[in-house]
Amino acid sequence: MIIKRKDEKMKSVNELNEIVSQVRRDIVRMVHACQSGHPGGSLGCADIVTTLYFREMNINEETGTDGFLKFSRSGEGEDMFFLSNGHISPLFYSVLARRGYFAVSELATFRKINSRLQGHPATHEHLPGIRVASGSLGQGLSVAAGAAKAKKIKGDDGTVFVLMGDGEQQEGQIWEAAQFAPHYKLDNLVAIVDWNKQQIDGPTDKVMNNRDIKAKYEAFGWATVDLADGNDIQQVVDAVTKAKALKGQGQPIVILMKSEMGFGVDFMMHTHKWHGTAPNDEQLAKALEQLPQTLGDY
Amino acid sequence: MKKYTYTEKKDTRSGFGAGMAELGKTHPKVMALCADLVASLKLDAFIKDNPERFVQCGIAEANMIGVSAGLAISGFVPYATTFANFGSGRVYDQIRQSVAYSDTNVKIAVSHAGLTLGEDGATHQILEDLAMMRAMPGMTVINPCDYNQTKAATIALADHVGPAYLRFGRPVVPVFTAADQKFEIGKAWMVNEGKDVTIVATGHLVWEAIQAGELLEREGIDAEIINIHTIKPLDEEAILKSVAKTGCVVTAEEHQLNGGLGDAVCQLLSRYRPSPVEMIGVDNSFGESGTPAQLMEKYGLNAASIVEKVKKVINRK
C-alpha cells in the first residue's frame, strides 16, 4: 500500500504559523485545566511537530465513517512519528486532534480520570495516533529504529521520525540505539533532538553536561542537520527538507534542533521552571493574550 | 505412578532453537533478535535459513527490547533473546513501557535461567525473573520443563498475540514429554494423578517431581503431579480441582520463594481453598558457582527435597 499525500493539504509556512498558534493555545489551556503537565517543552517543540504532521509527513488521508483520519498502528506505507520525550504529550495530543485523528473537544479530558489522553502518551486506551507508550525516557529511538528496520525489510519507503529531548540524551539506551541505527544503515530514520539546554533540575550544562551532542552523533555514524532556530517555521521546514534529502544514503539522520523552552509565552521562556508547572488563571490569561486564536478553541 | 522414561538428555534452550528453526519455515513474520549470544540461544539454524529475519543487537539489551517493540508495531513477531538475567531485570522498564504497557507483540525468550546455569555463578543466575514478569500486567509467563515442551511452547507463542516471557535453561535434562505434544498456553499438564498430595512443579523441577513421585510411591504415598508450564495466566481450575482431592500442596521451582510459582499457588489457595502448602525454591539468597547438580542439591531443589516436603505437608493436613 502506497499512501500519497494530497498536495492540496500541504500547508504553507503562513498556514503553519496559524496552526501552531492554536496548538500553543491548546497546550496552555490543557495544562491549566488539569493543573498538571509539561508546558515548557511542549511549547518549544510545537513548530517541528506541527510542521511534520501538517506538511512534511506522508500520512493516510482517508477518513472513516466517523469523519476522523483512519489510523493504522503499523504505519504501513506511511511516514511514522514517535515521541520519545513523552512528557510533552499536550503538544502531541493537540497536533493529533487538530490534524483530524480525534475530536478537539477531547483535549478537555487531558490527564483527567477515564481519559484516552493520559499524562504521558499511551496505547492502552487506544487513542488514534499513538503507536507506543513513552514517558520513561530513552526508549523512543530504539522503537523508531525497530520501525525503520521493519520498513527496510518490507520495502516500504516511508520515513520514521522520532523526537527526543536533550536532557534525554543522558540516558544510556539512547546511545545503544545510536550505534544500532548506523550499523543497519537505517537511512529512513530521522531523529530530532530538542536541544533547548534545559531540564527539570536546571540548565543541562549544570545538571549533567552532555557536551557536543552533534559531535557524538557524527562519531556514531549519523548524518547531521543543524536547525539553528526550531521556533522559526521556515527554518524548521528547511531542516526537515534537508533531512529528507539525505535519505537513502546509508546513514540515519539527526536534526539538532536548537529551541526555546516555553516559546510563545514570554514568561515561560529562558527558564527551566515551566518544564512541569501549570499556569494559574491569571497566568493563563496572560499567556493566551500572546497566542492568537486561529482555528477556534476546543 | 505413571511411568516416565527417557532415551536422551537435551537442553531446553536447544528446544527453543528447534522451535525457532521450525517457525523460520512456517511463520514468515517471526523474527529473532539477539544480544551477542547466538550460540548460547541455539539460533544458528534459524539464522542460516532466514538471515534477513535475524537482527544482531550486540551487547545492548535495552535497545533490543525497544527495537523489538518497533518491529512488533510494524507487524512482525519478534523473539528477543538473551540470558534470562539480561532479558528481565536489566530491561524491566523497557519491557514495562515499550512492550507490556504498549501491548506490543514481543516474545522475550531467555536462556540460562536459574541455578542450573552453574559455574558462572550468582551474577548470571537469575532467580527473580518469574516474580518480575508475573507482576507485569498483561504478560504471559512460560517456563517449560524439557526440550520437547520448550520447542512446542516456542512454536505456540508465535500464534499467541501479546507480550510473553519464555524462560528456559542451559543444562541437558531428560526429555520425557511427547515430541508431538500440543502446547496449550495457560493449561496445566497433569503428569500423574494421585490422591495424597499435589505437587505443583515448573521447569527443571518437573522431572525432579516425577522422581520424587516414584520414591513416594514406594512408601505408599500417592502423589498427584501437575506441570505448570504457564506461570501466568495460572491454570487455577486445575490446581483447585487437584487440591480439593488431595488437601495439601508442595510447589517446586528453580526460583526465589518470593514471587514465583509457589507464591502464585499460595495466593490462589488462600483466597479459594486454604490448605497446607510447602514450597521448594531458593530462600532469599543468591546462588553461587558449582555444577548444576551440586547447586540443585545444595539449595534443596531436587527429588529428595520434594519427598521431604511432601511428608511434612501431609502431616499438616
Side-chain angles (χ1 to χ4, degrees), chain A residues 1 71-78 80-82 84 86 118 120-127 130-156 158 160 162 171-184 186 188-189, chain B residues 24 27-36 50-80 82 86 90-108 136-139 161-163:
Chain A
M1 179 177 62
F71 172 65
S72 138
R73 194 176 177 192
S74 69
E76 206 155 318
E78 296 181 89
M80 296 165 87
F81 174 79
F82 290 95
S84 190
Q118 291 292 297
H120 293 79
T123 58
H124 193 255
E125 290 75 22
H126 307 289
L127 185 69
I130 312 289
R131 294 193 163 93
V132 75
S134 62
S136 174
L137 295 174
Q139 301 187 27
L141 187 58
S142 300
V143 178
K149 177 76 179 152
K151 283 198 184 293
K152 288 266 174 195
I153 296 168
K154 291 193 279 195
D156 176 338
V160 178
V162 54
E171 290 280 6
Q173 187 182 347
I174 294 287
W175 302 101
E176 292 186 5
Q179 74 187 344
F180 178 92
H183 182 83
Y184 285 103
L186 300 180
N188 55 348
L189 176 64
Chain B
H27 280 64
K29 294 287 185 194
V30 165
M31 292 189 67
L33 296 88
C34 192
D36 196 32
N50 313 277
E52 74 293 347
R53 285 196 274 144
F54 170 67
V55 183
Q56 172 62 266
C57 292
I59 310 165
E61 295 84 5
N63 180 58
M64 176 170 73
I65 299 299
V67 168
S68 298
L71 290 166
I73 289 165
S74 306
F76 288 101
V77 184
Y79 284 63
T82 178
F86 313 133
R90 189 183 184 92
V91 290
Y92 190 83
D93 188 49
Q94 284 77 18
I95 297 173
R96 183 176 180 274
Q97 177 171 281
S98 294
V99 178
Y101 185 43
S102 294
D103 197 22
T104 49
N105 192 19
V106 174
K107 318 302 176 189
I108 294 144
M136 188 98 71
M139 184 64 80
V161 180

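We name chains A, B, ... by the order of the sequence lines, and we start the count at 1 in each one. What you see below is based on every heavy atom in this structure, not just the backbone, and it leaves out hydrogens, waters and symmetry mates.
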*Check the pair A:Glu78, A:Phe71 against side-chain contact (heavy atoms from CB on, under 4.5 Å), reporting the backbone distance first and the verdict last.*
CA-CA 10 Å; A:Glu78 296 181 89; A:Phe71 172 65; 5.8 Å; no
_Toward chain A, the part of B:Glu61 with a non-hydrogen atom under 4.5 Å_ = backbone
*chain B interface, residue from A:Lys154, A:His183, A:Lys149 that has the most non-hydrogen pairs under 4.5 Å*: A:Lys154
*Under a 4.5 Å heavy-atom cutoff, which of B:Ser98, B:Ala69, B:Ala72 has the most pairs with chain A?*
B:Ser98
*asked:* Is B:Val55 in contact with chain A via its backbone, its side chain, both, or neither, using a 4.5 Å heavy-atom distance?
replied: both
*With a 4.5 angstrom heavy-atom cut-off, which part of A:Ala144 approaches chain B: side chain, backbone, both or neither?*
neither
*B:Glu52 versus chain A, the contacting section by heavy-atom distance below 4.5 Å*: backbone
*Is A:Thr123 reaching over with its side chain to a backbone N or O of A:His126, donor-acceptor style, under 3.5 angstrom?*
no
*With only heavy atoms counted, which part of B:Phe76 is less than 4.5 Å from chain A, the side chain, the backbone, both or neither?*
side chain
*Which pair of heavy atoms, one from B:Cys34 and one from B:Gln56, lies closest together, and at what distance?*
O-OE1, 2.9 Å
*Side chain, backbone, both or neither: which part of A:Gln118 has an atom under 4.5 Å from a heavy atom of chain B?*
side chain
_Distance-minimising heavy-atom pair for B:Gly24 and B:Asn50_ = O-OD1, 3.2 Å
*Between B:Gly58, B:Gly75, B:Ser102, which residue shows the highest count of heavy-atom pairs closer than 4.5 Å to chain A?*
B:Ser102
*A:Ser72 and A:Ser74: side-chain hydrogen bond (donor to acceptor under 3.5 Å, both in side chains), yes or no, with the steps?*
CA-CA 5 Å; A:Ser72 138; A:Ser74 69; 3.2 Å; yes
_Determine whether B:Val106 and B:Ile65 satisfy the following criterion, side-chain contact (heavy atoms from CB on, under 4.5 Å), listing intermediate values before the conclusion._
CA-CA 8 Å; B:Val106 174; B:Ile65 299 299; 5.6 Å; no
_Side chain B:Thr104, main chain B:Ile73, donor-acceptor under 3.5 Å_ = no
